[in-house]
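The figures that follow rest on heavy atoms only: side chains count, while hydrogens, waters and symmetry mates do not. Each chain gets a letter, A, B and so on, in the order its sequence line appears, and its residues count up from 1.
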Protein chains: 2
Amino acid sequence: MPRKPTLAQVAALAGVSKMTASRALRDAGDVSASARDKVQAAAQTLGYVGDRVATALSAKTTNLIGVVVPSLSNIVFAQVLAGISDGIADSGLQPVFGITGYDSDTEAALLRDMLSWRPAGLIVTGLDQPDATRALLRQAGVPVVQIMDIDGDPVDGCVGISHDAAGADMARALLAAGRRRIGYVGAHLAHDTRAAKRLAGFRAALADAGTALVASRLTGAPSSVASGRDLTATLLSHHPDLDCIYYSNDDMAIGGLFHCQSAGLDVPGQLMIAGFNGLDLVESLPVGIATTVTPRHEIGRRAAQMIAAAAPAVSLARVSLTPRIVLPGQTPRNRPLGGTRS
Amino acid sequence: MPRKPTLAQVAALAGVSKMTASRALRDAGDVSASARDKVQAAAQTLGYVGDRVATALSAKTTNLIGVVVPSLSNIVFAQVLAGISDGIADSGLQPVFGITGYDSDTEAALLRDMLSWRPAGLIVTGLDQPDATRALLRQAGVPVVQIMDIDGDPVDGCVGISHDAAGADMARALLAAGRRRIGYVGAHLAHDTRAAKRLAGFRAALADAGTALVASRLTGAPSSVASGRDLTATLLSHHPDLDCIYYSNDDMAIGGLFHCQSAGLDVPGQLMIAGFNGLDLVESLPVGIATTVTPRHEIGRRAAQMIAAAAPAVSLARVSLTPRIVLPGQTPRNRPLGGTRS
DNA sequence: AATGGTACCGATACCGGTATCGATACCAAT
DNA sequence: ATTGGTATCGATACCGGTATCGGTACCATT
């Protein structure tokens, strides 16, 4: 079985040295037109494809950029990945994805593994890694961008939104819309620290207004439409007088809406439903729900650009983006810049 | 700035040769207990992490398994990826993902790039790559598993379902449920060849029953809830007497359902809606829609296992899995094995 | 004491590229 | 003819590991 052709074979066929062949194929200088043509012809006939592993070993770095996200079952991260692809367009970088499943041990192992491939940079979700992981990232010697969240202390650069402020802003918006008996339905708060921050901000803003959550239902399982539906059913059976429910995200909120539709409740008249993320799906729903539209694509794009632009050992900036709130029956508007608590 | 410690430095600190240090850290034989301890201690104090690039160059292969999917905005592929993670658990393999955006040039570039990293195997979506890409895969010298589809000619192994049969089966199921005036709404058929195969099978089964689609609406854009909703609105405005619509997938179908809810149509009484995939979301909908539940997780798992088990240069099997059809108000049942057309 | 076997270790040669720097050829300027 | 400069090329030395194979020690046999 014919082994993969190597640069040496291409060079031999072209009648030049390995070095000249290497230069010709990379468009580096110092190669005559005739030599270049011969090398390219030889590479063509042999079907030569370069070996990145060898190049990486020689060049001491790769064109890989490691991307670590907690999950892909939430479409949000898929859109972040799309943004990353956009951000590195024609920079020659190549993203490599890893999924942690919201588990910090998995995350640490994944990062270690990625670092052993000498990536050109790392994009990591969230700011709340354990200390050992933070140390790993700091020592790595590659640019690190943490995404989604800015409420905390980044290892290097970060780009995202303030979830604390997002929760507080939603609380104020719902109060301003006249809602007073507000409940909460959430999932996975022990692992999804950003959802927890939103809830904290939401609660704080309610307290500032002299009120509080009437009731809440939580599950330790990952968020899903199904659990949103179930938890809403039990919450409403105990507290039928709620006029608003805030959910940990849109998936849960949509599940809540589906329960209300099945139960014949008037949404948003009788009960307002508020989620988080601003999924495309939300715009197509037959009835309006409130949500916070987050710039997911933009987050990915900016993060990737930061990596692409990072000269080695340059420290990166903190980029804060602003989400906007949408309430039912209302054209999207810009979010008023509420006070940031953190 | 202190450079990354190398094996040579570890060996020096431990007072042994590079080779002994290498053996000690890999648990290869021929190392005394005392030497092993010294090396491990040295590695510990230096914070040594191996360099996969160097190992890969030396060992002529990697633990990487390249996975190419068309999109992640469809949750389906996220679930396939989860299945892949399951399938390679504790095999030491590491998946690397690439997204083609349903573009065959991007796909070819991606595959070329992945191959230049000498992966241990490749998992590619679909069977309908252009000839040049097929040639690339065949020559690659690594095990290739094509997933999702089995209607065609695999390069090596494949695991998936027959989309042609799935479409035909749904047509028969809808006819058996008494539907006669059937329309179709689809997206992206030029790129999503599997959706096109389902439609072909669907049409053929209708023809076998002596009937045909009443009307259809197509878009070249990727499938989405929003376009499902819009296309349904226009289709029904021209053909208000339809009693069933088949969609290219569940996302489109859910959009259709949302239109019907807004328009006050009785679903499924007046109009039955049929999608494809069996998304979790479908089970939580307030009204029932028909769908074909596909074994996405299983497809990913099996594909990964095939790669993990593939001795070099072993040819792989074709694995055909069966989806099942669910109709509204009906408990899930196994799909009767309809005749396969291809 | 000579022989053989086992356990452990290290020098050396790669893997497939690229950086570096010194050669060579050729033409223009002096 | 000599000098200097430019364009082109190739020999060599790595990059950081691992495979291979030939030592060396040391103990058990004969």
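Residues meeting the side chain to side chain donor-acceptor pair (under 3.5 Å) test with Thr193(A), sequence neighbours left out: Asp128(A). Taking the side chain to side chain donor-acceptor pair (under 3.5 Å) definition, one finds that Arg112(B) meets it with nothing, sequence neighbours left out. The side chain to side chain donor-acceptor pair (under 3.5 Å) check on Arg118(B) picks up Asp51(A), with sequence neighbours excluded. Remark: Asp86(B) engages His297(B) in a side chain to side chain donor-acceptor pair (under 3.5 Å) (not counting sequence neighbours).
Residues of residues 47-56 of chain B having a heavy atom closer than 4.0 Å to DNA chain D, listed by number: Tyr48(B), Asp51(B), Ala54(B), Thr55(B). Contacts of residues 13-21 of chain A with DNA chain C (heavy atom under 4.0 Å): Lys18(A), Met19(A).
Pairs engaging residues 132-143 of chain A under the salt bridge (charged side-chain N to carboxylate O under 4.0 Å, His left out) rule: Arg134(A)-Asp153(A) [sequence neighbours left out]. Residue pairs satisfying the ring-ring contact (aromatic ring centres under 6.0 Å, His included) criterion with at least one member in residues 81-107 of chain A, sequence neighbours excluded, are listed as follows: Tyr102(A)-His188(A). Counting only residues at least two apart or in different chains, ring-ring contact (aromatic ring centres under 6.0 Å, His included) contacts with residues 29-72 of chain B are absent. Identified under the ring-ring contact (aromatic ring centres under 6.0 Å, His included) test for residues 122-155 of chain A, with sequence neighbours left out: none. Sorted by first and then second residue, the salt bridge (charged side-chain N to carboxylate O under 4.0 Å, His left out) pairs with a member in residues 25-40 of chain B form an empty list; sequence neighbours excluded.
In this structure, Lys4(A) atom NZ and dG17(C) atom P are separated by 10 Å, rounded to whole Å. Going from atom CG of Leu7(A) over to atom C1' of dG10(D) covers 13 Å, rounded to whole Å. A straight line from CD of Gln9(B) to P of dC15(D) spans 11 Å, rounded to a whole angstrom. In this structure, CG of Asp37(A) is placed 11 Å from P of dC9(D), rounded to the nearest angstrom. In this structure, NZ of Lys60(A) is placed 10 Å from C1' of dC14(D), rounded to the nearest angstrom. Note: CG (Leu57(A)) to P (dT18(C)) measures 11 Å, nearest angstrom.
Backbone-only engagement by Arg118(A) is indicated by non-hydrogen atom pairs under 4.0 Å involving sugar-phosphate atoms exclusively. Residue Ala35(A) is classed as a sugar-phosphate contact, given heavy-atom separations below 4.0 Å to backbone atoms only.
Here Ser58(A) does not reach the OP1 or OP2 of dG16(C): none of its side-chain N or O atoms lies under 4.0 Å away. For Arg36(A) and dA7(D), the shortest distance from a side-chain N or O to OP1 or OP2 is not below 4.0 Å. Using a 4.0 Å cut-off, no side-chain N or O of Arg23(B) falls inside it from OP1 or OP2 of dC9(C).
A pairwise comparison of heavy atoms in Pro70(B) and Ile99(B) identifies O-CG2, 3.6 Å as the closest pair. In this structure, Leu72(A) and Ala78(A) approach most closely via the heavy-atom pair CD2-N, 4.3 Å.
In the model, Ser58(B) has no side-chain atom that pairs as donor or acceptor with a side-chain atom of Thr55(B) under 3.5 Å.
Over its full length, the helix from dA1(C)-dT30(D) to dT30(C)-dA1(D) turns its helical axis through 60°, comparing axes from the five pairs at each end and rounding to 10°.
Comparing Ala59(B) and Asp30(B) by the nucleotide of DNA chain D that holds the closest heavy atom to each, the one mapping nearer the 5' end is Ala59(B).
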